[in-house]
**Q** 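Questions regarding the structure given below will be posed in turn.
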Amino acid sequence: ETGAIGPSTYTSDIGTYSLRLYPGNYEVQLSGQGDEGIPTFSQQLVITESDNSIDAVYDEYLNVQTITVDGRVLTPLNVPASGVLVRFTALTIDGADQAQLVSESTTGSNGRFSIPVLEGAYQVEFIPLQEEGYSPQIIPEMQLKSQFTELGTVSLSVRDTITGQVLDALGEPAEGVVLRAEEIGFNNVVYQAVTGPDGMFEVEVSDTEMFWTLTPKNPRQGAITFGQGFPSQWDEMVVELRTGQPISGCVEHDEGVAAFAPMELRSMDGRFFGATFTDEDGCFDLRIDIETQTAESTR
């Protein structure tokens, strides 16, 4: 309950373990082995002064059944896609309500994969190698039972190339704006482009939902502006930078100013807002699109 991390150990070859703890309230976590279909469990324990020993028994293991799921991934040309990361993330596990399981494998030269999981509902992601130029695919939810172990064939698609234009807060073409598109989910891959003198950009992105960030070359052009959506919604779009809220300051250390120091601005929940550098005097100046953010993310 204090938040302090307690001792850890590994199970023996017969599955037993032993730990010595101070009295208190604990959450004991069994890490599991996703590649073998063994889920992660958590159990609450109360240790008192009078306890000589206490057994933490994961009874939920008695009610789960490991199954093997097979499938195949093809390229858009119907050629086997090798090296594709296939990730099964459990939404629910039958007979083990508190369990968590993420099981991964990669496709072989024949495009096939075989992954041990437990019966339940899963989200399935197919993430190709970045250099292959294909978009990841997702099955948002599917039920897996012992009698259903063949996933079938999944076909990848080619990444999209989209174009558009960025205007500054006064409606003029904005040169030098960095367009950053981050995949929502999968491996959160980031794609980038920079606008030309006419404010135009061209960028190749996955055909998945993205979180978009537009960072102007200087604060006079407008605020770091955000958006969310699929590439088709951004293709041929004209985006105008928001006026935003100015944020400025200076960074110092014991021996003087922190000149040309890289800075990242993130919300409390980790969302990327933008990046900049301090100048030769250790100072920075930027604008943030506060209007589109939630109360939590503006902190």
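These values consider heavy atoms only, across backbone and side chains, with no hydrogens, waters or symmetry-generated copies.
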**Q** Test: salt bridge (Lys or Arg N to Asp or Glu O under 4.0 Å). Region: residues 125-142. Which pairs qualify, not counting sequence neighbours?
**A** Arg87-Glu125

**Q** Can you run down the salt bridge (Lys or Arg N to Asp or Glu O under 4.0 Å) pairs that involve residues 108-117, sequence neighbours left out, and say none if there aren't any?
**A** Arg112-Glu150

**Q** List the atom of Trp212, the atom of Pro231, and the distance in Å for their closest heavy-atom pair.
**A** CZ2-CA, 4.1 Å

**Q** Do Leu74 and Leu156 come close enough that some side-chain heavy atom pair is under 4.5 Å?
**A** no

**Q** Keeping the roles fixed (side chain from Ser82, backbone from Thr107), state whether a donor-acceptor pair exists under 3.5 Å.
**A** no

**Q** Between Gln137 and Ser157, does any side-chain donor sit less than 3.5 Å from a side-chain acceptor?
**A** yes

**Q** Answer yes or no: is there an ion pair linking Arg180 with Glu182, defined by an N-O contact shorter than 4.0 Å?
**A** yes

**Q** Looking at Ser206 and Pro136, would you say the former's side chain and the latter's main chain have a donor-acceptor pair under 3.5 Å?
**A** no

**Q** To the nearest 0.5 Å, what is the distance between OG1 on Thr153 and CZ on Arg72?
**A** 4.5 Å

**Q** Should Ile224 and Leu214 be marked as a side-chain contact (heavy atoms from CB on, under 4.5 Å) after you check the CA-CA gap, both sets of side-chain angles, and the distance that decides it?
**A** CA-CA 6 Å; Ile224 300 173; Leu214 297 112; over 6 Å; no

**Q** Could you go through the side-chain contact (heavy atoms from CB on, under 4.5 Å) check for Met210 and Glu183 one step at a time?
**A** CA-CA 5 Å; Met210 298 277 183; Glu183 292 176 357; 3.8 Å; yes

**Q** Measure the spacing between CD of Glu104 and OG1 of Thr89 and express it to the nearest 0.5 Å.
**A** 7.5 Å

**Q** Keeping the roles fixed (side chain from Thr106, backbone from Val84), state whether a donor-acceptor pair exists under 3.5 Å.
**A** no

**Q** Evaluate whether atom CD of Glu236 has more than 12 neighbouring non-hydrogen atoms of other residues, nucleotides or ligands under 6.0 angstrom away.
**A** no

**Q** For Arg287 versus Pro246, what's the shortest heavy-atom pair and its separation?
**A** NH1-CD, 3.7 Å

**Q** Answer yes or no: is there a side-chain heavy-atom contact under 4.5 Å between Met263 and Phe277?
**A** no

**Q** For side-chain contact (heavy atoms from CB on, under 4.5 Å), just list the numbers for Val239 and Leu167, CA-CA rounded to whole Å, side-chain angles, deciding distance to a tenth of an Å, and then say yes or no.
**A** CA-CA 6 Å; Val239 185; Leu167 306 179; over 6 Å; no

**Q** Atom CZ of Phe126 and atom CD1 of Ile138: how far apart are they, to the nearest 0.5 Å?
**A** 9.5 Å

**Q** Determine, stepwise, if the pair Val166 / Leu241 fulfils side-chain contact (heavy atoms from CB on, under 4.5 Å).
**A** CA-CA 7 Å; Val166 180; Leu241 299 177; 3.9 Å; yes

**Q** Using modelled atom types and a 3.5 Å cut-off, is there a donor and acceptor pairing between side-chain atoms of Thr195 and backbone atoms of Gly176?
**A** yes

**Q** Output yes when a side-chain donor or acceptor of Glu119 lies under 3.5 Å from a complementary backbone atom of Ser146, and no otherwise.
**A** yes

**Q** For a 4.5 angstrom cut-off between non-hydrogen side-chain atoms, does Tyr26 reach Leu21?
**A** yes

**Q** Drop me the distance from Leu144's CG to Thr68's OG1, to the nearest 0.5 angstrom.
**A** 11.0 Å

**Q** Look up atom OG1 in Thr161 and atom CD in Glu202, then write down how far apart they are to the nearest 0.5 Å.
**A** 6.0 Å

**Q** Donor-acceptor pair, distance only, cut-off 3.5 Å: does the side chain of Thr278 make one with the backbone of Ala258?
**A** yes

**Q** Quick one: does Tyr122's side chain have a donor or acceptor within less than 3.5 Å of a partner on Leu118's backbone?
**A** yes

**Q** Within the structure provided, determine whether Phe284 and Ile247 are in side-chain contact (heavy-atom separation under 4.5 Å).
**A** yes

**Q** Within the 4.5 Å heavy-atom criterion, are Phe211 and Phe226 side-chain neighbours or not?
**A** yes

**Q** Using a 3.5 Å distance criterion without hydrogens, assess whether the side chain of Asp207 forms a donor-acceptor pair with backbone atoms of Ser135.
**A** no

**Q** With the side chain counted from C-beta on, respond yes when Leu151 and Asp70 share a heavy-atom pair under 4.5 Å apart, and no when they do not.
**A** no

**Q** Taking Thr16 for the side chain and Ile14 for the main chain, is one N or O donor matched with an acceptor at less than 3.5 Å?
**A** no

**Q** Would you call Gln143 and Asp94 a side-chain contact if the rule is heavy atoms closer than 4.5 Å?
**A** yes

**Q** Taking all atoms of both residues into account, what is the closest heavy-atom pair of Ala223 and Pro216, and its distance?
**A** O-CD, 3.7 Å

**Q** In terms of ring plane angle, is the pair Phe113 and Phe88 parallel, tilted or perpendicular, where the classes change at 30° and 60°?
**A** tilted

**Q** Please find the pair of heavy atoms, one from Ile115 and one from Val86, that lie closest to each other, and give the distance.
**A** CD1-O, 3.6 Å

**Q** Just by distance, do the side chain of Asn187 and the backbone of Val189 share a donor-acceptor pair under 3.5 Å?
**A** no

**Q** Is the shortest side-chain heavy-atom distance between Gln165 and Pro173 below 4.5 Å?
**A** yes

**Q** Which atoms form the tightest heavy-atom contact between Trp234 and Gly227, and what is the distance?
**A** CZ2-CA, 3.9 Å

**Q** Using the salt bridge (Lys or Arg N to Asp or Glu O under 4.0 Å) rule, collect all pairs that involve residues 153-168, keeping only residues at least two apart or in two chains.
**A** Arg159-Glu204

**Q** How long is the straight-line distance from OH of Tyr10 back to OH of Tyr17, given to the nearest 0.5 Å?
**A** 15.5 Å

**Q** Taking all non-hydrogen atoms of both residues into account, name the closest pair between Ile184 and Phe186 and its distance.
**A** O-CD1, 4.0 Å

